[in-house]
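Treat the numbers as computed from the prediction; the structure is a model and nothing was measured.
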Amino acid sequence: MAASMNDPILAGPPVRRNILGSLIGIAAIIAVGIIGYYLFPNNLALLTRIIAIAFLVLSVDLVTGYCGVATLGHAALFGAGAYAAGIASAHYGISDPLLMTIVGALAGALAGLVSGLIILRAHGLPQLVLSIAVIHLFHEAANKASSWTGGSDGLSGISPTALLGIFEFDLWGRTSYVYGLVLLLLVFILLQVLVRSPFGMLARGVREDPVRISAMGASVQSVLVRMYVISGVVAGIGGALNAISTQVVGLDSLSFTLSAESLVMLVLGGTGSLYGALIGTVVFMWFEDVVSAANPFHWLTMVGALLIAVVLFAPKGLYGTAAAFAERMRGRRA
């Protein structure tokens, strides 16, 4: 069955608008990164943590937003990258930040392949249950392998050397922050290319109508597994960055709570959009930090109220709702 450019599943937005949107997105990330560096010089550790979690939320968006796979176990990929990078440094003396990042990405890809093959055997609610089982299995495996992971005490002894032999990882977190920001830019650009490629359009088609995609001769299972592996690479990079910046890896990197929060961040920003994933991460984590400091006893109530308000009044997420509003305004002017 041949597909035409008028096919609503496979047809993409105009190329010129895509390029302009990508350039604006890249410029926005750079601008926000520079502003954060100079506006919050004493809080770079939090900003680096936000960047690391942004990788996780982007990876969730790839499988949930673009492929429609329900998951609450994606922290398994993030934690795999964090522990792999940490173990490489603490046990094998691989302390070059670039090599640690590569190790984390490979471990995330492997974790994505394993968990994807398990989770994708089911659909709907059973799929969600399988993802929860996967994150608990990864968490328990890391806890039991205490000789390698440190168990409940965490993995310490991670000592990254100077980046490119020049930039030391200081106590202020300046090198970690800039390194994370550069990684985020590179990954964001590559993901922009990916989601607008024929493979990305095919993934959207799987989300919208898997039966139709199968009828066209494409393998739905193959698309989903490949996207899971790619998302594992992205999450693994985030985990490695977290291990490099904090120089310790704990079981919280493999927690169900982290998985659930990453999905909440994605919904908050807007699913099916890389911009939404970034915006949701920044808003959620920054709001959480501010309200927990202002009111240590009732901050969860405020976070809950924010999420309820967004779901009720902006069901497409902050970015998704704003984009839809801008599109309506553009249509009226035309």
- Task: Spell out, as yes or no, whether a donor-acceptor pair under 3.5 Å connects the side chain of T64 to the backbone of A70.
- Result: no

- Donor-acceptor pair, S89 side chain versus S95 backbone, under 3.5 Å? no

Taking distance alone, no hydrogens or angles, what donor-acceptor pairs closer than 3.5 Å link side-chain atoms of residues 145-158 to residues at least two apart or in another chain?
from	atom 1	to	atom 2	distance (Å)
T149	OG1	A142	O	2.4
T149	OG1	A145	O	2.9
T149	OG1	G151	N	3.2

- Shared hydrophobic cluster for V32 and L58 (ILVMFWY, side-chain gaps under 4.5 Å): no

- Query: So with a 6.0 Å cut-off around NE2 of H123, is the heavy-atom count from everything else above 12?
  - Reply: no

- Message: Give me the atom names and distance for the closest heavy-atom approach of G180 to I51.
- Response: O-CG2, 3.5 Å

- S131 pairs by side-chain contact (heavy atoms from CB on, under 4.5 Å) with which of L128, V129, V134, I135? L128

- Message: Donor-acceptor check, side chain of S253 to backbone of V249, threshold 3.5 angstrom: yes or no?
- Response: no

- Note on the structure: Shortest non-hydrogen pair, S231 vs L62, comes out as CA-CD1, 3.9 Å

- Do the side chain of S245 and the main chain of N242 share a donor and acceptor less than 3.5 angstrom apart? yes

- Item | Non-hydrogen atoms of C67 and A203 that approach each other most closely | SG-CB, 3.7 Å

- Task: Evaluate the ring planes of H74 and Y228, with Trp represented by its six-membered ring, and classify them as parallel (under 30°), tilted (30 to 60°) or perpendicular (over 60°).
- Result: tilted

- Roughly how far apart are L163 CG and L98 CG, rounded to 0.5 Å? 5.5 Å

- Going from CD1 on I29 to CG on L181, what distance comes out if it is rounded to the nearest 0.5 angstrom? 8.0 Å

- What's the verdict on ring pair (Phe, Tyr, Trp, His ring centres under 6.0 Å) for F55 and F188, showing C-alpha distance, side-chain angles and the deciding distance? CA-CA 9 Å; F55 283 102; F188 180 81; over 10 Å; no

- Message: I'd like to know if the side chain of D209 and the backbone of R212 have a donor-acceptor N/O pair within less than 3.5 Å.
- Response: yes

- Task: Could you tell me which non-hydrogen atom of T161 sits nearest to which non-hydrogen atom of D96, and how far apart they are?
- Result: OG1-CA, 3.6 Å

- Query: Considering residues, nucleotides and ligands other than F199, do more than 12 of their heavy atoms fall under 6.0 Å from its CZ?
  - Reply: yes

- Message: Using a strict threshold of under 4.0 Å (side-chain N to carboxylate O), is an ion pair present between E140 and K144?
- Response: yes

- Query: Okay, side chain of Q127, backbone of A122: is any donor-acceptor separation there less than 3.5 Å?
  - Reply: yes

- Exam field: side chain T271 to backbone V267, donor-acceptor pair closer than 3.5 Å: no

- Residues P97 and I244: closest non-hydrogen pair is O-CD1, 3.6 Å

- Message: Between T101 (side chain only) and I237 (backbone N and O only), is there a donor and an acceptor less than 3.5 Å apart?
- Response: no

- Query: Should M100 and I87 be regarded as members of a common hydrophobic cluster, given that ILVMFWY residues are connected when their side-chain heavy atoms come within less than 4.5 Å of each other, either directly or indirectly?
  - Reply: yes

- By the rule that ILVMFWY residues connect when side-chain heavy atoms come within less than 4.5 angstrom, directly or transitively, which residues belong alongside F313? I308, L312

- Examine distances only and state if a side-chain atom of D61 and a backbone atom of Y66 form a donor-acceptor pair shorter than 3.5 Å. no

- Indicate yes or no for a side-chain donor-acceptor contact from S273 to the backbone of G270 under 3.5 Å, with no hydrogens or angles considered. no

